[in-house]
**Q** 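Input: one structure, supplied below.
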Amino acid sequence: MVGAPRLTLPWRARYVAYGVWMAAFLAIFSIARLVLMLPLTVWVLAWSLVLTTVVTRLVCQRIDFEKPLGSVLCAFGNEIAGPRRRHREQRGVVGLSNRVAIRPAKETTR
């Protein structure tokens, strides 16, 4: 049972899902109104609610009691801001390696 006794909602959701839903709704609705300049209509509101519910379900499938939302967000931030390998390869050169020393082949005598 989720929630206070006899004061439950008709669906089952963890408390973190309500916060995720609200943050997703504010982000999606703000993008729809401010970035895409969509007018305030029933259809924009309805599609914002649908997209918010889909995003919330996707996010809440990834989190649980062993992986709370904070650690998932922290790992996502570390992946985004982490150092990346710099590629300084020459274009058009195949098989050139800086790590492997290339020695002349030994001549075999018969």
**Q** Main chain of P68, side chain of S71: is a donor-acceptor contact present, judged purely on distance under 3.5 Å?
**A** yes
**Q** Sequence neighbours excluded and cut-off under 3.5 Å, please list the side-chain donor-acceptor pairs for residues 72-80, or say none.
**A**
from	atom 1	to	atom 2	distance (Å)
N78	ND2	C74	O	3.3

**Q** With sequence neighbours left out, write down each residue that passes side-chain contact (heavy atoms from CB on, under 4.5 Å) with C60, or none if nothing qualifies.
**A** R14, A17, T56, I63
**Q** F29: what forms a ring-ring contact (aromatic ring centres under 6.0 Å, His included) with it, not counting sequence neighbours?
**A** F25
**Q** Show me the donor-acceptor pairs within less than 3.5 Å that the side chains of residues 33-41 make with the rest of the protein, sequence neighbours left out.
**A**
from	atom 1	to	atom 2	distance (Å)
R33	NH1	L38	O	2.7
T41	OG1	V44	N	3.3

**Q** Got a second to check how far T52's OG1 is from M22's CE, nearest 0.5 Å?
**A** 9.5 Å
**Q** Keeping to residues at least two apart or across chains, list the ring pair (Phe, Tyr, Trp, His ring centres under 6.0 Å) pairs with something in residues 39-66.
**A** none
**Q** Can you name the side-chain contact (heavy atoms from CB on, under 4.5 Å) partners of L51, sequence neighbours left out?
**A** I28
**Q** Applying a strict under-4.5 Å side-chain criterion to I, L, V, M, F, W and Y, I'd like to know whether L26 and Y18 cluster together.
**A** no
**Q** My understanding is that only residues two or more places apart in sequence, or in another chain, count here; which of them pass side-chain contact (heavy atoms from CB on, under 4.5 Å) with V54?
**A** L58
